[in-house]
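For the numbers below, each heavy atom of this structure counts, side chains included, while hydrogens, waters and symmetry mates do not. Keep in mind that what you see is a predicted model, and the values were worked out from it rather than measured. Here is the naming used below: chain letters follow the sequence lines, and residue numbers restart at 1 for every chain.
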Amino acid sequence: MAGFQEPPTKKQKTENRFLGSHMPVQQSPIRNGVGGGFNKGNNNHGKGSPFQKNAPGQNGFMNGNAKNTEHLKNIVKQRHALPIFPTRARLLEELKKNETVIVIGETGSGKTTQIPQYLHEERWDKKGGICVTQPRRVAAISVAKRVAEEMNVQIGGLVGYSVRFEECVSPGTKLKYVTDGMLLREAISDPLLSKYNWVILDEAHERTISTDVLFGIVKDAQKKRKQLEKDNLKVIVMSATMDVDHFSQYFNKAKVLYIEGRQHPVEMLYAREKQDDYVLSAMSTVFQIHKEAPAQHDILIFLTGQEEIDSVTHSIRQVAKDNSLAEFPRMRVLPLYAALPSTQQLDVFRVTAPGERKVIVSTNIAETSITIPGIKYVIDSGRAKISYTLEEFNAMEVNPVPEILRSNLASVILQLLAMGIKNILTFDFIDKPSPASIKQAVEQLTLLEAVVMKAGQLELTDLGKKMAQFPLEPRYSKVILSGPQYGCTDEVLSVIAMLSGESIYVNPSGKKEMAANVRRKFLSVEGDHVTMLKIFRAFRGSKENKMWCHENFLNHRNLKYALEVRKQLHQVCQRNNVTLVSCNQDMDALRRCLAAGLFTNIAELQLDGKYLSLDTRQECSIHPTSVLFGGKPAYILFTELVHTGKMYMHINSAMDAQWLFEVAPEYFRKRHIKKM
DNA sequence: TAGGGTTTT
């Protein structure tokens, strides 16, 4: 049983919250006299890495030269050094015997990169491929690339990946890394997942809504494939947490295998007590480490926000230039946050060159499952801001509420119905959402005319079937499918695409007023949606020019993203014979069309000057970033309500009461809307 | 007059 460890004790469960290792507290060069008051914890919840020391660069590994041979030897050596390696035989034995196996192993154990390779080495992927899900795009892409490199094949051949807008596969692809959302979408057209012999659901402990739904889908597919006497679907659930009973029970008491240890220990540092200036203190810690640790011992710092990260990255780079530091390793300082272009995000995975030190300044994007090569030190300074003592830190909630228990289920239910799952109430969720939240979602879908109740059974309408084809919330797909009726498919495609991404506005601190002035030319009294459309049209007119975006304080990346989403939505329209018509300058048509899908998001001006949302009867205010701020239209359609101290309507359009009666007469009669 | 962060189809 070499390599496997006994099931963990309760105590270990708590300590493993952050994928931590059980390594002993070790002597550290920064143990004494750490400048910024940072303290070494004994729950080392840092990140390890399977890709450490001497990991290869991207180039020169596929030419059959001496360097390449050396490189391949190195890879074999690294693979054999992974904690999972000694478990290989036993693991394969269990995988052969069992239909479903749960594998518990920390980040750094090698489970994500190795298990699929083991399966391939046994040729267990002859009949159907291996699909490995990841909650995040960067993870899917970077792991696929690493595995292709280990197998000495070109990415996109035997090993590929598939994430939204980026597919790198070929007919010969046997081993595919995908985002969980991608596999879920695939399941709508193929609920039996018939392309695959193996489905591996990785990072299951994160409990994303997609992974949670996939649990039920793979279980169902296993059952149905058996009934139809098709090849078995083998399932591996991989998780980093030790709290595994839940998974095992759910998968019919599936076998649980534990992989012990991580490859390299990581030092975890965090504030001993509240720091007045935690940023300064973090920086001071960085340089303390820098002066004492060998090159290639990389540092990861957690901070709270983008602005902070940019400024700290800049400061560290400045300080690093100082002559007094000339004798120490060169520093490569890299920011990391979600809004960064993915090429820059992938930069952090590049292995540190000899004589160099990588310092990554990150939001909590890197906190969960991303494995960054070379990290030896983690400075968790941001937490100091809200002042945790070690005890408080340890007492923080171990298992946060799964996403599925706190989300609107309309999309999920629409998707399940589209897969042919008849009874939502009996769907095998690992954690069943409350009947109230299911009821609420069904009500929304009913109002949108996506579903009807027939003989006590929920059924998709033709409209609902089309709605399920869109990678959108049902109310957004309803807007698009209403396009032809209002003569504005072209316009709603653009607006919905923009609503699907992040904000297109850039408001640099200190230049907020200037930004607002420059963008004034796009403003429309009709509201934010029309304003956004004007911007989108102007952006296309500029030939998607980066400089133009910069001058107008607009986010080029997010506008490009909207273009991509729009292209995809347009394709779905074409497949579903949705006519593409334009309303040109008739912005009333656009607003009425928005109401056709978003009529549950209406607020009415009251006599006291306040707004009341008609659906939930909540008091709400116009968000200060809205073009309607300061005005008092009788009715407002909002895209979402954001609760930050106050309830705010975010991204809004002024509405005419008449339109509301037109789009949803029944609904508004019940809501006692004031007659004109 | 708001403003923690993150993810995905």
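- Atoms CG (A:D212) and P (B:dT7) sit 19 Å apart, rounded to a whole Å.
- Where A:F470 and A:E307 each meet DNA chain B at their nearest nucleotide, the meeting point lying more 5' is that of A:E307.
- Distance from the side chain of A:Q415 is smallest for B:dT9 among the nucleotides B:dT6, B:dA2, B:dT9.
- Rounded to an integer number of Å, the gap from A:K646 NZ to B:dT1 P is 8 Å.
- Residue A:V163 has its side chain nearest to B:dT9 when only B:dT6, B:dA2, B:dT9 are considered.
- Projected onto DNA chain B by closest heavy-atom contact, A:G181 and A:V642 fall at different nucleotides, the more 5' of which corresponds to A:V642.
- With B:dT8, B:dT1, B:dG5 as the candidates, the nucleotide lying closest to the side chain of A:T179 is B:dT8.
- Atom pair A:L414:CG and B:dT8:P shows a separation of 22 Å (rounding to whole Å applied).
- Contact of the A:M283 side chain with the A:S315 side chain is registered, since non-hydrogen atoms from C-beta on lie closer than 4.5 Å.
- The separation between A:Q306 atom CD and B:dT6 atom C1' is 11 Å, rounded to whole Å.
- Considering only side-chain atoms of A:R136, the nucleotide from B:dT7, B:dT6, B:dT9 that sits closest is B:dT7.
- A salt bridge links A:E449 with A:K478; the closest basic N to acidic carboxylate O contact falls under 4.0 Å.
- Comparing B:dT1, B:dT9, B:dT6 by their closest approach to the side chain of A:P624 singles out B:dT1.
- Rounded to whole angstrom, the span from the CG atom of A:L409 across to the P atom of B:dT8 amounts to 20 Å.
- For the side chain to side chain donor-acceptor pair (under 3.5 Å) test with A:T639, the passing option among A:H529, A:R475, A:H650 is A:H529; the others fail.
- We find that CG of A:L184 is positioned 14 Å from C1' of B:dT7, with the value rounded to whole Å.
- Distance A:I496 CD1 to B:dT9 P: 18 Å, rounded to the nearest Å.
- Of the listed nucleotides (B:dT6, B:dT9, B:dA2), B:dT9 has the atom at the smallest distance from the side chain of A:R164.
- To the nearest angstrom, P of B:dG4 lies 15 Å from CD1 of A:I309.
- Side-chain proximity of A:Y337 to B:dT1, B:dT6, B:dT9: nearest is B:dT6.
- Counting any heavy atom pair closer than 4.0 Å across all strands shown, A:F629 reaches sugar-phosphate atoms only and no base atom.
- Outside the 6.0 Å centre-distance limit, the rings of A:F638 and A:Y648 are not counted as a close aromatic pair.
- For the pair A:E186 and A:K176, the salt-bridge criterion is met [side-chain N within less than 4.0 Å of a carboxylate O].
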